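These numbers come from a predicted model, not from an experiment.
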Amino acid sequence: MQFVTSGYADHYDAISVTVLNRTDGVVDKLHLRLKDVLGVKQVPGNPNFRSGVAPHIWEDGKKAEWYAFHPSAADYSAMRQAVNEYLEVFRDRVAERRQDGPKLVYICAPLRGNAEKNIAFAKEKAREVFAEGDVPVCPHLMFPPIADPENPAQDQAAREMGLRLVESCQQVNVYGPVWTDGMWAEIRHAERLGIPVLTDQKELGKPLRRRIKQGKER
């Protein structure tokens with residue numbers, strides 16, 4: 001990975017990520033514009049940038065530094081997350097998913113809306129997975145006590161942590177008649193990683209072909 005320019009000399013406004021195979025060389029490349037990841041950033045107290053500035057690094061003499069705007073810890077986290085989501089596609093997860101004993105099963109179900117009812121629903125589904133001898137990974141029982149869904153920052157952090165939990169599981173079970181945007185994010189993330197996704201729905205509306213039937217896949 002390296003910071004690169006998009007055409008302006010000494011104006012590093014993008015991250016270039018190259019995936020290499022040890023024997024075959026370049027597998028894939030990604031060009032991430034910092035503006036697309038971070039957006040236009042405001043520079044409080046600087047009258048020269050009333051409309052904000054597109055994030056970039058520049059060379060001032062022999063010194064390279066951020067121009068006007070300096071990223072926060074959250075900004076660096078956003079850059080890492082953007083790169084990580086891309087690289088996850090290329091990770092070999094076969095060894096991680098092959099294991100003896102109980103599977104880690106992610107409980108993918110609605111949360112927002114009627115939170116109390118949805119948490120009870122997810123808890124019941126987690127109990128079913130537990131009764132079948134697998135390990136339920138249920139974000140509904142983990143995050144609501146410590147992350148307020150009505151707080152945008154906490155809610156976004158919980159969503160991202162949920163995706164990290166998906167990565168550690170050997171299976172994702174999808175429940176409920178309505179699939180929210182957050183659920184679809186988890187489903188697509190699992191599919192990108194090759195993690196089996198099972199659902200209890202008869203009519204999917206999306207290209208998922210597995211179903212949950214009394215705890216079994218059919």
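Side-chain atoms of D134 come within 3.5 Å of backbone atoms of K103 as a donor-acceptor pair (strictly under, hydrogens ignored). In this structure, the side chain of N114 engages the main chain of K117 through a donor-acceptor pair within 3.5 Å. For the pair D75 (side chain) and S72 (backbone), a donor-acceptor distance under 3.5 Å is present.
With rounding to the nearest 0.5 Å, the separation of OG1 in T18 from NE2 in H31 is 11.0 Å. Rounded to the nearest 0.5 angstrom, H70 NE2 and E65 CD are separated by 6.0 Å.
Considering only heavy atoms from C-beta on, F69 stays 4.5 Å or farther from L34 through its side chain. Looking at heavy atoms from C-beta onward, C108 lies in side-chain contact with I187 at the 4.5 angstrom threshold. The shortest side-chain heavy-atom distance between Q170 and V105 does not fall under the 4.5 Å cut-off. Counting heavy atoms from C-beta on, the side chains of E186 and V172 never come closer than 4.5 Å. For the pair L165 and M142, the minimum side-chain heavy-atom distance is below 4.5 Å. By the 4.5 Å heavy-atom criterion applied to side chains, L198 and P196 are counted as neighbours. Annotation: side chain of M183 is in contact with side chain of P110 (closest heavy-atom distance under 4.5 Å). Counting heavy atoms from C-beta on, the side chains of I119 and P144 come closer than 4.5 Å.
Heavy-atom neighbours of E116 CD from other residues, nucleotides or ligands within 6.0 Å: at or below the threshold of 12. Taking a 6.0 Å sphere around CG of N48, one finds it holds more than 12 heavy atoms contributed by other residues, nucleotides or ligands. When the shell of 6.0 Å around CZ of F49 is examined, it contains more than 12 heavy atoms from other residues, nucleotides or ligands. For R127, the CZ atom is densely surrounded, since the number of other residues' heavy atoms within 6.0 Å is greater than 12.
Residues V174 and L111 fall into different hydrophobic clusters, defined by Ile, Leu, Val, Met, Phe, Trp and Tyr side chains chained together at heavy-atom separations under 4.5 Å. One hydrophobic cluster, built from ILVMFWY side chains closer than 4.5 Å, holds both I15 and V19. Residues L141 and I146 fall into different hydrophobic clusters, defined by Ile, Leu, Val, Met, Phe, Trp and Tyr side chains chained together at heavy-atom separations under 4.5 Å. At a threshold of 4.5 Å between side-chain heavy atoms, the hydrophobic network of Ile, Leu, Val, Met, Phe, Trp and Tyr places M1 and V37 in one connected group. Residue I57 is not grouped with residue V40 when hydrophobic side chains (ILVMFWY) are merged at heavy-atom distances under 4.5 angstrom, including chains of intermediate members.
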Practice problem: Go through the steps for E88 and E85 under the test side chain to side chain contact (heavy atoms under 4.5 Å, CB included), then give the verdict. | Solution: CA-CA 5 Å; E88 284 292 346; E85 288 179 359; 5.8 Å; no
Quiz item: Are I107 and V137 close enough, and set up right, to give a side chain to side chain contact (heavy atoms under 4.5 Å, CB included), and what steps lead you there?
Solution: CA-CA 6 Å; I107 307 300; V137 177; over 6 Å; no
Self-check item: salt bridge (Lys or Arg N to Asp or Glu O under 4.0 Å) between E191 and R188, intermediate numbers included
Solution: CA-CA 5 Å; E191 290 185 323; R188 293 185 180 112; over 6 Å; no
Self-check item: Derivation of the side chain to side chain contact (heavy atoms under 4.5 Å, CB included) call for D148 and D155
Solution: CA-CA 6 Å; D148 182 1; D155 186 51; over 6 Å; no
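Annotation: ring-ring contact (aromatic ring centres under 6.0 Å, His included) contacts involving residues 129-161, sequence neighbours excluded, are absent.
Tested against Y106, the residues V166, V135, L163 include a single side chain to side chain contact (heavy atoms under 4.5 Å, CB included) partner, V166.
A54 and K35 get closest at one heavy-atom pair: CB-CD, 4.2 Å.
A donor-acceptor contact closer than 3.5 angstrom is absent between the side chains of Y8 and D13. Under 3.5 Å, the side chains of Q171 and N173 contain a donor-acceptor pair of N or O atoms.
The aromatic rings of Y175 and F121 stand perpendicular to each other, their planes meeting at an angle above 60°, with 30° marking the opposite boundary.
You'll find the ring centres of H56 and Y12 outside the 6.0 Å limit.
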